[in-house]
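Written out below as structure tokens is the structure these notes cover.
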Number of protein chains: 2
Amino acid sequence: MNIYDIAKLAGVSYATVSRVINNKDDVKQETRERVQKILDEHGYLPNSFARGLSMSGMKLIGILLIDVRNLHHSNTAFHIETEFAKFGYTSFIAGCGLDNTKQEEYLRVMASRNVDGLVLIGSRFQNEETRKNIKKYFSGKPVVIANGYLDLPNVCGIVDEERKAVAGVVDLLVSRGHRNIAFVNDYVTFSAQEKEAGFMEGIERNNILYNENNIRHIKTDIDVSIVESEKLFSLNRDITAAIYSEDLMAVGGVKACGRLNLKIPDDISIIGFNNSIYSDVSTPRISTIDNKRYDLGAKCTDALYAMLKGKKVEPVVKIIPELIHKETTNLIE
Amino acid sequence: MNIYDIAKLAGVSYATVSRVINNKDDVKQETRERVQKILDEHGYLPNSFARGLSMSGMKLIGILLIDVRNLHHSNTAFHIETEFAKFGYTSFIAGCGLDNTKQEEYLRVMASRNVDGLVLIGSRFQNEETRKNIKKYFSGKPVVIANGYLDLPNVCGIVDEERKAVAGVVDLLVSRGHRNIAFVNDYVTFSAQEKEAGFMEGIERNNILYNENNIRHIKTDIDVSIVESEKLFSLNRDITAAIYSEDLMAVGGVKACGRLNLKIPDDISIIGFNNSIYSDVSTPRISTIDNKRYDLGAKCTDALYAMLKGKKVEPVVKIIPELIHKETTNLIE
DNA sequence: CTGTTAGCGCTTTCAT
DNA sequence: ATGAAAGCGCTAACAG
């Protein structure tokens with residue numbers, strides 16, 4: 001069923017049908033109704049390809065995320081989708097995985113689908129390769145990066161101030177008497193490096209002793225974290241607080257304390273990152289640095305929408321994370 | 001940059017450019033190289049709309065999910081996407097929310113994007129409304145429903161035998177001496193109703209006593225579950241085992257036991273559903289009924305791919321869930 | 001091996 | 001208010 005068929009059935013030209021479909025106002029009410037009726041009866045569906053061909057903007061936005069198993073990222077993606085749906089946009093979501101070659105491929109797919117705007121979710125997009133690809137395929141089109149930034153005129157980055165946040169948490173711990181603080185990190189992503197830089201910043205400006213045994217680099221996995229946390233806490237018995245770069249790792253820390261019979265938070269404080277549901281699923285609930293993922297999605301939407309409307313936006317929008325006190329710390333004054 | 005521009009630059013007709021782009025073999029090597037070079041230099045991108053218009057199948061599949069915050073569903077979606085990418089398909093993922101009107105809207109969007117096949121994820125798609133919409137917009141095109149089924153010639157349902165699974169767990173509990181078993185359920189979804197039917201089946205065929213205090217209907221939320229579980233366990237002190245329709249609810253059960261000083265699993269056994277990461281994040285780790293979500297994605301992919309290739313498939317593919325013994329039960333012989 | 005031609009289904013002038 | 005015609009960028013059949 002296309003407009004020609006409908007036109008024939010309605011006894012009008014296909015141009016008129018097109019007008020009815022697009023709610024143009026220069027159609028006689030009577031004709032409109034007759035055509036609309038036939039449209040409805042036959043469950044007519046416009047072909048988006050044909051439409052996309054003749055129209056300039058198809059009200060389509062592309063959302064690309066690195067790791068689809070990352071709850072954080074997929075939530076942000078769907079949040080953005082929902083918001084844009086309210087403005088009449090449809091979203092094209094895809095997960096391109098960690099593989100760098102796939103990244104270019106998906107960027108191409110997005111570009112060839114003529115998306116009006118693009119959202120990239122994940123700090124891993126902050127790299128030279130991606131910069132080049134954006135320049136190649138998306139110059140002129142608005143691009144927003146969630147949790148990352150690239151210096152390009154059409155790119156807006158929403159960045160969590162994770163470094164500052166971790167440094168601040170170290171300050172707080174020190175002010176509460178902690179002198180031996182551990183940091184367990186994923187280390188692979190840009191975001192992880194930022195967090196670690198923040199940890200070092202905190203350690204140094206507070207003149208705290210530390211050695212390589214205070215930092216551990218591990219995979220984001222509960223069981224790995226249990227094993228490594230056990231090692232960490234047994235090797236370095238003076239540790240009174242551990243910061244983990246992800247809640248899921250902190251869960252491993254909590255379980256390790258259980259095995260070593262360390263009391264939380266009296267013997268040791270555990271701090272996670274993300275304020276994810278994992279921190280609440282854990283018993284005890286894990287105190288965690290909230291990087292406000294909900295804000296992230298909202299800010300991405302705002303920025304992209306503004307750019308789509310041709311408005312200028314700040315190239316970098318900052319989000320300030322905040323420590324949420326739950327049951328694995330007793331830091332409140 | 002379209003093929004006309006490229007053709008002009010290369011001094012050939014645009015048909016030749018099209019041939020190069022599509023790797024047709026009837027182009028002289030020399031010409032091919034010359035055209036390819038210009039294509040590369042200019043970062044040429046085919047316009048998918050134009051392509052979609054002239055080609056029959058665009059190798060596009062649509063994936064629609066109800067609740068995007070459901071880890072289970074989004075994982076399945078992305079798994080399917082990844083698999084189909086290997087076959088050269090791109091996927092169009094969208095979350096349509098619980099709202100029924102949105103469901104039709106999204107089905108329309110999918111149809112108008114001319115997807116070659118459709119995957120619906122979630123038992124909520126198993127309803128008359130959706131059946132009508134599929135008939136209206138997708139008759140003739142292959143449709144797969146993950147965790148649900150609709151009686152239509154072009155629809156294949158992958159269903160978890162959740163009812164049977166829960167009944168089986170009741171059998172097992174009874175065989176280990178449990179006589180007072182509780183069931184906590186979400187109740188809204190078709191899937192939830194199936195689970196409850198399974199519980200009742202188990203109760204009845206084992207001739208176990210039970211009253212309305214053995215069943216509770218609550219929202220899928222940790223804190224709600226804590227409160228309700230506390231009530232449940234205090235009201236009915238003889239309960240020795242509780243089955244929850246979602247791991248997240250079971251987490252509430254575990255925490256409630258902590259508050260009531262009930263020892264797990266000696267005083268009470270807790271059983272969750274999904275074998276999700278929540279069951280491992282919890283301390284103690286929750287014994288859970290694994291409905292094999294990984295299988296679900298794989299089976300959806302297989303079925304859809306087969307249908308796409310024009311093969312006949314079984315209208316219903318069954319997945320048999322299995323109880324995974326972790327730390328909240330001691331049922332093993 | 002390459003060019004010409006005719007659509008794919010729709011939107012959008014431009015006439016009438 | 002409605003119809004005719006052009007064109008969006010591409011593929012594919014048909015000539016040469």
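A, B, ... follow the sequence lines: proteins, then strands. Residue 1 opens every chain.
For A:Asn2 (side chain) and A:Asp5 (main-chain N/O), a donor-acceptor pair under 3.5 Å exists by modelled atom type. Checked by atom type and distance alone, the side chain of A:Lys141 pairs as donor or acceptor with a backbone atom of A:Val115 at under 3.5 Å. When atom types are taken as modelled, the side chain of B:Asn22 and the backbone of B:Lys24 share no donor-acceptor pair closer than 3.5 angstrom. In this structure a side-chain-to-backbone donor-acceptor pair under 3.5 Å is present from A:Ser112 to A:Val109.
Within the 4.5 Å cutoff, no side-chain heavy atoms of B:Ile38 are placed close to those of B:Val35.
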Under 3.5 Å, which protein N or O atoms sit close to an N or O of nucleotides 6-9 of chain D? Give each pair with its distance.
{"unit_1": "D:dC8", "atom_1": "O2", "unit_2": "A:Ser54", "atom_2": "N", "d": "3.4"}
{"unit_1": "D:dG9", "atom_1": "N2", "unit_2": "B:Ala50", "atom_2": "O", "d": "3.2"}

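B:Arg32 has its CZ atom 13 Å from the C1' atom of C:dT2, to the nearest Å.
For the 3.5 Å distance criterion, the side chains of B:Glu129 and B:Asn133 fail to qualify, holding no donor opposite an acceptor.
Under a 4.0 Å N-O distance rule, the pair B:Arg108/B:Glu104 does not qualify as a salt bridge.
A sub-4.0 Å separation between OP1 or OP2 of D:dA1 and a side-chain N or O of A:Thr31 is absent.
Note: B:Phe87 and B:Tyr305 have parallel aromatic rings, judged against thresholds of 30 and 60 degrees for the angle between ring planes. Classified by interplanar angle (parallel below 30°, tilted 30° to 60°, perpendicular above 60°), the ring pair B:Phe84/B:Tyr89 is perpendicular.
Using a 4.0 Å cutoff on non-hydrogen atoms, the parts of residues 15-30 of chain B near DNA chain C are B:Ala15, B:Thr16, B:Arg19, B:Asp26, B:Val27, B:Lys28, ordered by number.
Atom SG of residue A:Cys156 and atom CE of residue A:Met307 lie 5.5 Å apart, to the nearest 0.5 angstrom.
One end of the helix from C:dC1-D:dG16 to C:dT16-D:dA1 points its axis 40° away from the other end's axis, with each axis taken from 5 pairs and the angle rounded to 10°.
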